[in-house]
There are 2 protein chains.
Amino acid sequence: MDIPSGDTARKRISESTIHRLSRYFRTLSLLEKENFETVSSKELAKREKLTPAQVRKDLSFFGSFGTRGLGYPVAELKAKVSRILGIDRIWRVALVGVGNIGSAMVSYKEFIKQGFHIVKLFDNDQRKIGSNHKGIIVSDIKNLRTELQDDRIEMVIVAVPATVAQYIVDDIVKAEVKAILNFAPINLKVPSGVHVRNENMVMELEYLSFAMVNHHSPKGGGKA
Amino acid sequence: MDIPSGDTARKRISESTIHRLSRYFRTLSLLEKENFETVSSKELAKREKLTPAQVRKDLSFFGSFGTRGLGYPVAELKAKVSRILGIDRIWRVALVGVGNIGSAMVSYKEFIKQGFHIVKLFDNDQRKIGSNHKGIIVSDIKNLRTELQDDRIEMVIVAVPATVAQYIVDDIVKAEVKAILNFAPINLKVPSGVHVRNENMVMELEYLSFAMVNHHSPKGGGKA
DNA sequence: TGCTAATTGTGAAGCATTTCACATGAGTAT
DNA sequence: ATACTCATGTGAAATGCTTCACAATTAGCA
Ligand SMILES: NC(=O)c1ccc[n+]([C@@H]2O[C@H](COP(=O)([O-])OP(=O)(O)OC[C@H]3O[C@@H](n4cnc5c(N)ncnc54)[C@H](O)[C@@H]3O)[C@@H](O)[C@H]2O)c1
Ligand SMILES: NC(=O)c1ccc[n+]([C@@H]2O[C@H](COP(=O)([O-])OP(=O)(O)OC[C@H]3O[C@@H](n4cnc5c(N)ncnc54)[C@H](O)[C@@H]3O)[C@@H](O)[C@H]2O)c1
C-alpha cells in the first residue's frame, strides 16, 4: 500500500521492496558521505547486487524522483526514502527482557542513528529492576501496560524467554502498541493491525546449513 | 536444488521454502513433545499460518513423506526435515568479535540444541584475548586464518564493527570457510560458493516503521 | 537551436511462487 | 469385500515479482 505521489490509489508494496528501500537508504547515506551529488539506478544496482530495472521499479511505486539522463539526486532521494520508510522522525521504543540479547540491543548505536530510541526497559528479575542501563532505569514488568501507555511507546522489542513471550505480548497488545520486534523463537499470536517481525538467528544458520549440504545458490543469491 | 527422493534431477528450491522448512522443524519438535503421532498438512498450516497446499508443496519437493487419509508421521517427518536442512549433525562454528552481540550469541542455548556448536572465539582486544567465555578461550584475531583451518571450522559468525568486517571476511574466505552469518550492517563481498546471510535488526525496525506509517499488511501477513 | 548521449519511468513479457482442485491411495467400519 | 472418509501429492491456474525494452525526457555541447 502506498501513495504514488498524490494521495489516493494505494498499491500493495511487497516485503522485498520495503527491505530493498532500507538498503537503498543505507547506500544513499554512504554515497552522501562520499560526496556524490547524483546516482544512477545502474550505480545503485551495482552496489546492491540488483538490476537497474529493479531499482527504478521499486522507486517508481512511490513517485518519480529522478532526472532522465542524469540519475537521482542523492540527498533528495535519501530524504524521500526516509520519508517513505517513516524514519524521518523519532520512534519511542521499549525493550522487555534485559538479558543477553536485550543488553546488547540497548547498547546498539545504529538504533539511535536511525531514530529508534529505546527509552524504557522492563524485566522481572529483582536484581535488574531499578538498575541503570545506559542511563535508563529498568522498570518492573508488572507495570508494563501502564508505563507503555504513559510513555507513549510505539514499538516494543521482546527479548524474554520463549515460554513467557506470549504473555508479555498480550500485555503489549493491551497497551495498544502496534509494532513488535520479537527475538523469542515462537509464533506469536496478535490481533490484526498489530505488526510483528521475528528475528530468528537459528533459522539463518539453518539456511546456511541447507546451502552447504545442497551446494545451493538460490535465485538472487540469497538474503543481502 | 535437491533430491526428490532418488538422487538425480535436482530442483531449485526457493529461499521461502527453506525458511518454512525451519519453521516446520520447530513445530514438529513441539508436536513431538505434545505426543502427536501424526499431523496433517492442515494442522501444520494452521500452526504456521499458511495454507495446507503450501505445506504439502514444500514437502513434496523432497519426496513423499505422508500417508493419504492420515497425514504425516511426526517423528519421522521431523527426522526427514532435519536431514534436508542438514541439521542432523554437528556444525563447528566460530565467532569473531566478542562484544555486545557476540557475547550474547555465545550464551545462546538454541544454537547448541540445533547442532550449531560455537567452538572458537576471536577478538583483537588484548583484554579479551585469553579470557574465558563459557569455557572457550578467546583467540587472537591474528591467528584467525590458521586456527579456522586447524580446527576445521565450517561456519563463522561475524560480530565485529562494520568498518573491519570486510577484512575479517576476506580472511575467513581464505580459510576456505563457506558459510558466514554477518551482523555488521554492510554488503560483504565474497567469491561465489561462499554463503552469506545477514542479520540486520535495523532493517526489521524500519519495516515496522513503514508498516505503521502506511497502515500496511503485506501479503502473507509478514515475516513469521 | 538542434543534435547526441545518457538515463529515467513504465507497460508488457517472462519467471517464480502460491493456491486450486481433484484423482489417488490408505485406513476403517460394516 | 465393499463402501466411505480423509488427506496426500500434483498438474494446472492464478497470482505476484522481476526483467526487458523502449519511448520520453533531460543535460551538454556544437
Ligand atoms: N542470546 C542470544 O544470542 C539470542 C539470540 C536470538 C534469540 N534469543 C532469544 O531472546 C530471548 C532472550 O534470550 P537471552 O539469551 O537474552 O536470555 P536471558 O535469559 O539472558 O534474558 C532473558 C531476560 O528476560 C527476563 N525475563 C524472564 N522472564 C521475564 C518476564 N516474565 N518478564 C520480564 N522479563 C523476564 C530475564 O530476567 C532476563 O533478563 C529468548 O527468547 C531467546 O531465545 C537470544
Ligand atoms: N549490539 C547490537 O545489538 C547489534 C545488533 C545488530 C548488529 N550489530 C552489529 O554487530 C557488530 C558488533 O556490534 P557490538 O554492539 O557487539 O559491538 P562491540 O563493539 O560491543 O563489539 C565488537 C567486538 O569486536 C571486536 N573487534 C573490533 N575490531 C576487531 C578486529 N579487527 N578483529 C577482531 N575483533 C575486533 C571488539 O574488540 C569487540 O569485542 C557491529 O557491526 C554492529 O553493527 C550489533
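As the structure is a computational prediction, the values presented were derived from the model and not from experiment. Proteins come first, then strands; the chains are lettered A, B, ... in the order of their sequence lines, and each starts at number 1.
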Using whole Å, what does the distance between atom [atom2] of nucleotide [N] and atom [atom1] of [X] come to?
X       : N      : atom1 : atom2 : answer
B:Leu77 : D:dT8  : CG    : P     : 11 Å
A:Leu59 : C:dT8  : CG    : C1'   : 11 Å
B:Lys57 : D:dA12 : NZ    : P     : 11 Å
A:Phe36 : C:dT7  : CZ    : C1'   : 16 Å
B:Gln54 : D:dA14 : CD    : C1'   : 14 Å
B:Ile13 : C:dT17 : CD1   : P     : 9 Å
A:Glu15 : C:dA16 : CD    : P     : 20 Å
A:Arg20 : D:dC17 : CZ    : C1'   : 8 Å

Looking only at side-chain N and O atoms, does [X] come under 4.0 Å of OP1 or OP2 in [N]?
X       : N      : result
A:Ser41 : C:dT8  : yes
A:Thr67 : C:dT8  : no
A:Arg12 : D:dC17 : no
A:Tyr72 : C:dG9  : yes
A:Arg56 : C:dT8  : yes

At under 4.0 Å between heavy atoms, what does A:Lys42 touch on the DNA or RNA strands: base, sugar-phosphate, or nothing?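 Answer is nothing: A:Lys42 stays at 4.0 Å or more from every strand.
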
So which nucleotide from [options] ends up closest to the side chain of [X]?
X       : options                : value
B:Ala53 : D:dT18, D:dA27, C:dC20 : C:dC20
A:Ser64 : C:dT19, D:dA27, C:dG9  : C:dG9
B:Ser16 : C:dT19, C:dT10, C:dT18 : C:dT18

Is it possible for you to check whether B:Arg47 lies under 6.0 Å from the centre of the six-membered ring of B:Phe36, through NZ or CZ, and within 45° of that ring's axis?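 Yes; both conditions hold, so B:Arg47 lies above the ring face of B:Phe36.
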
Test: side chain to side chain donor-acceptor pair (under 3.5 Å). Region: residues 173-184 of chain B. Which pairs qualify, not counting sequence neighbours?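 Of all non-adjacent pairs touching residues 173-184 of chain B, those that pass side chain to side chain donor-acceptor pair (under 3.5 Å) are B:Asn182-B:Asn198.
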
Can you find a donor-acceptor pair, distance only, under 3.5 Å between A:Arg68 side chain and C:dT8 base?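 Present.
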
With sequence neighbours excluded, tell me which residues meet ring-ring contact (aromatic ring centres under 6.0 Å, His included) with A:Phe111.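 ring-ring contact (aromatic ring centres under 6.0 Å, His included) list for A:Phe111, sorted by chain: A:Tyr108.
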
Applying side-chain contact (heavy atoms from CB on, under 4.5 Å) between B:Phe116 and each of B:Leu181, B:Ile157, B:Val93, report the one that passes.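 It is B:Val93; the other options fail the test.
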
Whichever of A:Leu50 and B:Gly71 has its nearest DNA chain D nucleotide further upstream toward 5':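 Per heavy-atom nearest nucleotide, the more 5' residue is B:Gly71.
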
Does B:Phe65 or B:Gly69 map to a spot on DNA chain D nearer the 5' end, using the closest nucleotide for each?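 Looking at DNA chain D, the more 5' nearest nucleotide goes with B:Gly69.
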
Under the criterion side chain to side chain donor-acceptor pair (under 3.5 Å), which of A:Glu32, A:Glu43, A:Glu48 is the partner of A:Thr27?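 Only one of A:Glu32, A:Glu43, A:Glu48 forms a side chain to side chain donor-acceptor pair (under 3.5 Å) with A:Thr27, namely A:Glu48.
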
